[in-house]
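All chains are named by letter (A, B, ...) in the order of the sequence lines, taking the proteins before the strands, and each is independently numbered beginning at 1. Everything numeric in this text was worked out from a predicted model, so none of it was measured.
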Amino acid sequence: MAYWLMKSEPEAYSWEQLVKDGSTEWDGVRNNAARLHLKAMVPGDQALFYHSGDARAVVGIMEISRGPQADGADGQWVSVQVKPVAPLAKPVTLKEMKAEPRLAEMQMIRQSRLSVSPVTDAEWAVLTGLAKG
DNA sequence: GCCAACGTTGGC
DNA sequence: GCCAACGTTGGC
């Protein structure tokens, strides 16, 4: 099983909204690197939900509930379906992540604009550990 | 409000 | 095919 990190501005679509909705289509991604990550997703994979903008923290864990399908008329882009698994007991802020040496190589730290990025098993363990406080 | 990073567009 | 200009994202 693979791990991912997906970001959204809470003003656009928040974790709370996802919980309310029960699941959502993660669409509108129009970046090639992010597209490749979406295409690599398999149902059952887990993903961190990161709030960008003012919040700047990982707030919850999602599961990929359906693999990639075409997003848009030209078939060039894809979306996946996600559902919430659990909120983090304690959100992990970007500041904490940057202060943690074991997360220094995280793709989202190295390339902050990338909206969908892979997370290694080790990084996942560290991050969920931080979330327990 | 500013700026860095990065992607895209368009002229050549 | 190159590269300057421009737009967008996201952190500070």
What does [X] touch in the nucleic acid at a heavy-atom separation under 4.0 angstrom: a base, only the sugar-phosphate, or nothing?
X: A:Asn32; answer: nothing
X: A:Lys98; answer: sugar-phosphate
X: A:Leu94; answer: sugar-phosphate

- Query: Under 4.0 Å between a side-chain N or O of A:Tyr50 and OP1 or OP2 of C:dT9?
  - Reply: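 For C:dT9, neither OP1 nor OP2 has a side-chain N or O of A:Tyr50 closer than 4.0 Å.
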- Message: Nearest to the A:Arg56 side chain among B:dG7, B:dC6, C:dC12, which nucleotide is it?
- Response: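 Output: C:dC12.
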[N] [atom2] sits how many Å from [X] [atom1], rounded?
X: A:Asn31; N: B:dT8; atom1: CG; atom2: C1'; value: 11 Å
X: A:Asp54; N: C:dG10; atom1: CG; atom2: P; value: 13 Å
X: A:Lys7; N: C:dG10; atom1: NZ; atom2: C1'; value: 7 Å
X: A:His51; N: C:dT9; atom1: NE2; atom2: P; value: 17 Å

- Message: Looking only at the side chains, is there a donor atom on one of A:Glu9 and A:Ser52 sitting less than 3.5 Å from an acceptor on the other?
- Response: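 A:Glu9 vs A:Ser52: no donor-acceptor pair found between side chains.
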- More than 12 foreign heavy atoms under 6.0 Å from CG of A:Asn32: is that the case here?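 Yes, enclosed.
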- Proximity of A:Trp26 and A:Phe49 rings by center, below 6.0 Å: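 Distance test on ring centres: under 6.0 Å, yes.
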- Item | Donor-acceptor pair, side chain of A:Glu100 and main chain of A:Arg102, under 3.5 angstrom |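 It does hold such a pair.
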